[in-house]
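The structure appears right after this line, and notes come after that.
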Amino acid sequence: MNHLLENLNPEQLAAVTLPPQHALILAGAGSGKTRVLTTRIAWLISTRQVTPQGILAVTFTNKAAKEMLARLSALLPINTRGMWIGTFHGLCNRLLRAHYRDAGLPQLFQILDIADQQAAIKRLLKALNVDDEKFPPRDLQHFINAQKEQGLRSAAVEAWDDHTRRRVELYAAYEQQCQREGVVDFAELLLRCYELLERNEPLRRHYQERFRHILVDEFQDTNILQYRWLKLLAGHAERGRAAGPSQGAAALSMEAASAAEPPSPPPLGRGMGGGCMECACMFAVGDDDQSIYGFRGAEIGNMRDFEREFQVDNIIRLEQNYRSHGNILDAANAIIKNNEKRLGKNLWTDAGSGEPIRVFEAMSDGEEARWIVEEVRALSRDGHARREIALLYRSNAQSRILEHSLFSAGIPYRVYGGLRFFERQEIKHALAYLRLIANSDDDTAFARVVNFPARGIGARSIEALQDAARAAGSSLFAAIPQVPGKAGASLAAFAALIESMRPALDLPLPELVDHVVELSGLRLHYLNEKEGQERLANLDELLNAATSFVAEEGREVMEPEEAESTGEPTGELSADLAAFLTHAALEAGEHQAGEGDDALQLMTVHSAKGLEFNVVFMSGLEEGLFPHENSVQEAKGLEEERRLMYVAVTRARQRLYLSFAQTRMLHGQTRYSLPSRFIDEIPGELLKWLTPKAKKGGYAYEVADAFTPSPRSRVSSGGGLRVGQNVAHARFGQGVIVNAEGSGSDARVQVNFGPAGMKWLALSVAKLEAL
DNA sequence: TAAGCAGAGCTTTTT
DNA sequence: GCTCTGCTTA
């Protein structure tokens, strides 16, 4: 087993072979984090400290989970099948499937993705006659998800104003609707699982006793509910909950307080550090400097809370970087040093300092794109593979102009993000038929395909059906006999169609899929459609997906132990269907084909996290864009932007380019921006300016040269002020006018003050000095 | 029932 | 400025 430990550096070795105790591993970018995690598991198993069944390893993405399983199989001659290694959602799903009765769910409960969830909410609002101007479905969706991610049921949400009260009512109605339809959304998987374990003591004990070691990847990305779930499984929650409310757990501690629990006993294992004799050992790996998902509920404070609540007394820091050259790491360290709330870490390498960081200032976004194309061409000539070059940007909208230039130049590229396989409309249609066969109460699936392909069931028929269903308190499908007349006849024909597909449940999954695509009329519909070729090909691909899904070796299989407790046996084949539908919801599939091609990689900084490239272009480094203007008002927001910049810089192995443009088309208007403060935060000696270094607070070039004033952009009363003008303000310092509106005493200008942010100023009030 | 047009929104995203 | 959504129109 010694080979496991070969070539580990001292810190990695310490982490891997840590005695049984809670641990926090601060793993810097490129420091071998995944290797430590997998080797730790292999070490625990091969030294017989734990059996494979005693391991619970949690990740955020399917990709990370798969990688962990693959590496583990390479390290150990064991069957990883059946091991509890997966995403939070995947593992919760597994638990809920095994104990669906105790969780109050139907056996074949379906999972709503965000699009399904939104459709469900829209349907709900319509049924309740809610003004969707006042309560936009998207807002409500965010509201509901945010509550669930904090562990709050509608009954537990405190509402201080009428609008929130109403939203809470709608949240409650949504909960009921989902329950009636037998569907769960993503957040529900976690919340429902948490509640199941919390309320069912025998079950909780069972899993607490089973999982002796809990390992968590990307711990800095956990939200409040996920951390609470981990504590529960680790056997820490009952003690930990009242152990002193932390800032992050504020929402939860309210609930704990209202439950009037007696003061909790001191944590076990006191006096022996973070010992875990009576509970599972938590091994949390994360990097607070790479926490970039605060906006979706990730609670960076969980790291500090974990350290305190689990009494972690030595944090292991993995600071040796095996990815980047020294200059790149120095730049990253210098940037992140400006953040105040850090656990602290400094990356280093013995690979040498390498090349300087190249900086380019463009007059416009178009020029920036053209320059990148030229530079990429030169890199290609020098033998760099295109797939080893990444173009990063802060927001998706920036990709368009880059794509335009690349397309004109004939350079192959691949854009990350966008529609994924199981999110395509034709695939979702086919899946909706399958879902209806599995569970006819699934109104979301019903509404999706009742009139697709068109079969004369219009809005009026649906409305009549909805009324009937509401009156009967039943699903849409079940209410069909209630609808009279012609509409009722068409609906009955649809019901008969679904029923006619049901016998196909006895067929093997691929044949079932084929059958449904045929009988539903989907194939015929796309055959007749002008642009239907690609959709037909995707439907064929769905068949392939089903075939390989059934054949898949490492597919999660429910262990007999758990399957037995679920009561009546599932029919083998409908189990395949249920698993496939779950797979479709939880793993929406690759973004796009063409992974094998030698193409330039275009993506947002967020999507680049976890990846690495020989050459990285970080474009659009402008105040207002990166850091984004919506983030600079609060220190918290700015620090997250800075971490994002840190992530961007640390993606590069050998060469890093930073670029920015004086003018950029944004929301249909030309924007004038200052260079990002993040460039200033890098020590000058690490930089090599490819254009004359930008003056502080100004441009190397005259703005006027790049700008032709249009009548609209002239500020009428503005004493010579116009868009693009550099100005000074007593409090905000230097800035540039990016927009103007109104006239006379109403005239206002929008000024980008760089570090002081973007401001709208009334000219009659603000004293602006033209520079 | 499909196409065509007006209107809104527009930072980042996995499950 | 572009793209997606939803409503109106032939």
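Naming: A, B, ... by sequence-line order, numbering from 1 per chain. Everything quoted here is computed from the prediction, not taken from an experiment.
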Would you mind reading off the distance between [X] atom [atom1] and [N] atom [atom2], rounded to a whole angstrom?
X        : N      : atom1 : atom2 : result
A:His628 : B:dC10 : NE2   : P     : 11 Å
A:His142 : B:dT14 : NE2   : P     : 14 Å
A:His667 : C:dC2  : NE2   : P     : 14 Å
A:His583 : B:dT14 : NE2   : C1'   : 15 Å
A:Phe88  : B:dT13 : CZ    : C1'   : 16 Å
A:Arg420 : B:dT13 : CZ    : P     : 11 Å
A:Lys122 : C:dC7  : NZ    : P     : 9 Å
A:Gln118 : C:dT5  : CD    : P     : 9 Å

NA contact type, [X], heavy-atom cut-off 4.0 Å: base, sugar-phosphate, or nothing?
X        : result
A:Leu189 : nothing
A:Gly456 : sugar-phosphate
A:Ser631 : base
A:Phe295 : base

Side-chain donor/acceptor of A:His89 to base of B:dT15, under 3.5 Å: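 Answer yes: a donor N or O sits under 3.5 Å from an acceptor.
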With the side chain of [X] defined as its heavy atoms from C-beta on, choose the nearest nucleotide among [options].
X        : options                : result
A:Thr604 : C:dG1, B:dT12, B:dT15  : B:dT12
A:Phe186 : B:dC10, B:dT15, B:dT13 : B:dT15
A:Arg138 : B:dT12, B:dC10, C:dG1  : B:dC10
A:Arg400 : B:dC10, B:dT15, C:dT3  : C:dT3
A:Asn396 : C:dT3, B:dT15, B:dT13  : B:dT13
A:Met665 : B:dT1, C:dG1, B:dT12   : C:dG1

Please tell me whether A:Gln220 and A:Asp287 have a donor and an acceptor in their side chains that are separated by less than 3.5 angstrom.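 On atom types as modelled, these side chains do not qualify, holding no pair under 3.5 Å.
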Classify the side-chain pair A:Ser659/A:Glu368 by whether it contains a donor and acceptor separated by less than 3.5 Å.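 Result is yes, a qualifying pair exists.
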Does B:dT12 have A:His606 stacked on its base, where the ring centres are within less than 5.5 Å and the planes differ by under 30°?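 No; centroid distance or tilt outside limits.
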For A:Phe494 together with A:Phe446, are the ring centres under 6.0 Å from each other?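 Yes, the ring centres sit under 6.0 Å apart.
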Pick the closest DNA chain B nucleotide for A:Lys63 and for A:Glu641 by heavy atoms, then say which residue is nearer the 5' end.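 Nearer the 5' end of the strand: A:Glu641.
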So which one's nearest nucleotide on DNA chain B is more toward 5', A:Leu644 or A:Ile457?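 The residue mapped nearer the 5' terminus is A:Ile457.
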Kindly indicate whether a cation-pi arrangement holds for A:Arg296 with A:Tyr293, taking the cut-offs as under 6.0 Å to the six-membered ring centre and within 45° of the axis.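 Flagged: A:Arg296 positioned over aromatic ring of A:Tyr293.
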A:Lys341 and A:Glu639 ion-paired at < 4.0 Å: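 No.
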Please work out whether the ring planes of A:Phe452 and A:His429 are parallel, tilted or perpendicular, with thresholds of 30° and 60°.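 A:Phe452 vs A:His429 ring planes: parallel.
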